[in-house]
Amino acid sequence: MQNDGTVSESTQINREKAGGLQVSFTPLGMWAFSIGTSIGWGSFIVTCNTYLQKSGILGTIFGLLLGMAVVLVITWNLQHMIRYAPNAGGVYTFVKANNGKDLGFISMWFILLTYLAVLWANITSVPLFARFFLGDMFQFGFHYTVFGYEVRFGEALLSIGAVVLIGLLCMNSSRIPNKIMIISALAFAVAFAVCAVIAIFRHGSTSFSYSPMFAEGSSAFRQIVRIAVISPWAFIGFENISHFSEEYAFPVKKVRGILIWSVVITTALYLFVSLLSVSAYPPQYDSWLDYIQDMGNLKGIEAVPAFYAANYYLGQTGVTVLMLALFAVILTSLIGNMLALSRLLYAAGREEEAPRSFAVLNRKAIPSKAILAIVAVSVLIPFLGRTAIGWIVDVTTLGATIIFGLISYAVYRFASEKHQKVERVTGIVGAILMILFVLLLLIPGLLPFNAMETESYILFIVWAVLGLIYFRILIRRDKKREHRQHILVWIILLVLVLFASMMWVSRETEKTAKQTVNNIYEYHQAHASEDADEVSAEERVEFLNQQADKISSTNTLFTMVSLGIFLLFTFIMMSNYNDTKKLGSHLKQIQNKAHIDALTGVKNKNFYRDEEERLDLLIETNQISDFAIVILDVNNLKTINDNLGHQEGDKYILKACKIICDKFKKSPVFRIGGDEFIVLAQGEDYENLDQLMNAMTEHNTDAVENGGIVIACGMARYDSNNDERVSDVFDRADQIMYENKNALKKRSKNGASAPR
C-alpha cells in the first residue's frame, strides 16, 4: 500500500499473478456489503420487541442516534485500520499484527461466533418469510418442536436450499455477488425510505397516536442509554468490508467515506422501520404498544407491524414493496456474511490458526474450501429451530462489543507507535466505551431491563470453553512459540466465563423467585381469609417453606453447575499451561543446542552474534555498562591435527577450553572457530581483568618454556568516546591477539619444548 492510501495497478496485477485474492469489489459494492450485513430480518422484528417495546419511540430514536455517534468513533478507527493494513482477515489480521497472536486469536474467535450467529439467524428467517407471505407451501414432511418453535422438514429443506445456492454462487464468482449486493441494498434502502416517509406524512390525518413516547418503569435517560449500549447489534457487519481489503478495485482511502455513509444510512433505515412500525395498528388495540406486545400471537402481515402499516397506507402495493425489500435484506445478509466468513477463515488458514486448506484458492481466486466448510456447518442449523438461534443472535451484541473494542485498542497501539494524535484519542475512547458497554451488558441492575436472555449466557460460556479447547490445539502446534502472551487469552476467557456463569445463576434464581411469588399469590387466592379455619397456620408455614426451598435449591443447583463449568475451564487452562511449559522446555533445549558448541560445551558463534546484537542495541540507547573483549587463539592446533589426527586435535581443544574457563570463571566463553575463543568480560571479571590477563601471560610463559598448550590472547576495553559498535572493540582485541601470537611463535622457535 502506498502512503496516500491507494493500491497501485502493479500491486493489483502482482496479487493476481502470485495467486492471491482477485481484485473485484467496487466502492458501491463495498457500501452495499457494509449496509447489507448490518440490516437483516431483525430490523423488522427486533426493532419492535427490543427497541420500541422497551424504550418507546423517542427512546428508540435518541438511543439509535447516540449509538450512531459511538459507532462513528469505531468507524474512524476502522477506516484507519483498513487504510494502513489492507489485508484479508480485516480486524483479526490487524489486531494480531499490532497486539500479538494471542489477542488476534480472541478477535478471530468472537468474529467467528458473531458472523456465524448472524448468518444462521438469516438462514432460519427464510422459512419465516415463506410463512408470512407464501402460507403453508413449505409446511410439509415430518415436524417436531424445539424450545417451543415448530420445525418442519419442508421449511428446513427450503433453508438448506438457500444456503447451498448462496454458497455455490460465492464459490464461483466475486463480481456477480458484488452486483447482487448493490441492487439488493439499493432496493431495500429505497423501499424502507419511501414507505416510512409516506406513512409519516399520512399519519397526521389519522387517529393513530405515537404515544407512549417512552416505556414505563424507568427514566427516559436510562432507556436511551440502553438502546445505545445494544447498538453494536444494530451495526455489526458494517465492518466486514475490512475482510475484502485485498480485493478492492479502488484506492483504499475511499473506504472512509464508504463506512461513514454506511453507518449514517443504516441508522436512518432503522429509524424509518421504527417509525413505520408505530404509525398504524389494528383497530382492536388501543395503542401501538398494545399491538407490538401481542404481535407474537398474530399471523400474516399483522405479525410484522411495518407490513401492517405499509398495507394500511399503500395497500397491496406497500406490502409487495416491503416484501421485496425483506427478500433483499435476507439475500444481502446471507451473501455478505458468507463471504466475510470465508475471508476470515482464509486469513486464519494462511496464519495456520485454521486448517491450511481454507487458504487454498480455486481457479477463480476464491477460497472455495472455506466457503464449503461454512455451508457444511450451516446446513445443520435449520433443524435446531428458530428459538435457539435467537439466543445465539443475542450473544452477537456482546460479541460485536468485544470486536469493536479490539479494533479500537489495536488502533490506539498502532497510532501510539506512529505518533498519530487523532487516532490515538479515538482509539482509547473507543476502547473505553466498549469496556463500559460490556460491563453494562453483563452486570445486572445497571440497565433498566435484561440485555441478554438467560440461555444466551449459557451459549456464551460454551463458546468460551470451546475457544479455550481450540486454543490448546494451537498452543500444542506452536513450535515457534509465537503465542507469547497465551496467559492473556486464558484470563480474558476465564473472566468472561465467570461473569456469564454468575449472571446465569442470578437469572435462574430470579426466575424461580418470581415463580414462587406467583405460587404464593395463587395459594393466597385459593385460601382466602374466610377459609382460614380450614387451613392451619402450620400448613401455611410449610407451604411458604417449600417455596423458599425451591429458591434455595435452584440457587444451589445452578451455583454447583456454574462451579463445575469453572472447574472444567480451570482444568483445560492448566492443561494448556502444562502443554505450554513442556513445549517451552523442549524449545529451550533446541535453542540451547543451537547456541552450544558440540565439542566443548561452551557457547558457540551463533550465541556470540546474538550477544553482539544485544550489546550494539545497548550502545545505541546509551544503556551499556563497562565490558571488554578477550580474544584467545590456540597455537599449534594444525600441527596436532596433521601429525596426530583430528581426534587428538579435539582433545587438545578441550584442554585449551578448560584452561580458558578456569581463568575466566565469571564471564561467558564462546568458541567462534576451530581454535579461536572469545571471552566477554563483564562485572567481577572486568574489574579483575588485568590480573586475569597476567595469569594468562604466566601460563603461556610456562607453556613455552616447559611444553604445554600455548593460547595467544588479546584484550580491549569498550571506550564510550570512540567505540560505536562491539566490532570496534573486537578489532582492537583481535589485532593485539595476533601481535601476541607472533611473539609467542618466535619464543617457541628459540628452543621451546614441543607441546605436551
To the nearest 0.5 Å, atom CD of E155 lies from atom CE of M137 at 12.0 Å

Rounded to the nearest 0.5 angstrom, the CG-CD1 distance for L165 and I160 is 12.0 Å

Check: [X] side chain, [Y] main-chain N or O, donor-acceptor pair, under 3.5 Å:
X    : Y    : value
T332 : G36  : yes
N77  : T426 : yes
K364 : N172 : yes
S279 : A196 : no
W31  : T26  : no

S159 meets the side chain to side chain donor-acceptor pair (under 3.5 Å) criterion, sequence neighbours left out, with none

Inset, instruction - Show your working on side chain to side chain contact (heavy atoms under 4.5 Å, CB included) between L341 and L119 and close with a plain yes or no. - result: CA-CA 9 Å; L341 275 167; L119 176 67; 3.9 Å; yes

| said: Could you check whether atom CZ of F327 has more than 12 heavy atoms from other residues, nucleotides or ligands sitting under 6.0 Å from it? | reply: no

message = For L324, I'd like to know if atom CG has over 12 heavy atoms of other residues, nucleotides or ligands within 6.0 Å.
response = yes

Quick one: do the N337 and T37 side chains pair a donor with an acceptor below 3.5 Å?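 Checked: N337/T37 side chains show no N/O donor-acceptor pair below 3.5 Å.
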
Across all chains, not counting sequence neighbours, the salt bridge (charged side-chain N to carboxylate O under 4.0 Å, His left out) partners of R350 are E246

Have a look at L271 and tell me which of L64, T266, L276 forms a side-chain contact (heavy atoms from CB on, under 4.5 Å) with it.
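Considering L64, T266, L276, a side-chain contact (heavy atoms from CB on, under 4.5 Å) with L271 is found only for L64.
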
The single option from L78, L72, I74 that satisfies side-chain contact (heavy atoms from CB on, under 4.5 Å) with V263 is L72

Inset, instruction - Show your working on side chain to side chain contact (heavy atoms under 4.5 Å, CB included) between V255 and H80 and close with a plain yes or no. - result: CA-CA 9 Å; V255 76; H80 188 73; over 6 Å; no

Practice prompt. Give every residue pair that meets the salt bridge (Lys or Arg N to Asp or Glu O under 4.0 Å) criterion with at least one member in residues 333-343, sequence neighbours excluded.
Written response: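 Found E247-R343.
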
Inset, instruction - Evaluate the criterion side-chain hydrogen bond (donor to acceptor under 3.5 Å, both in side chains) for residue pair E353 and Y92; output intermediate values, then yes/no. - result: CA-CA 11 Å; E353 295 198 343; Y92 155 66; 3.2 Å; yes

Task: F25 and Y248: CA distance, side-chain angles, deciding distance, ring pair (Phe, Tyr, Trp, His ring centres under 6.0 Å) verdict - done: CA-CA 5 Å; F25 291 111; Y248 291 168; 8.1 Å; no

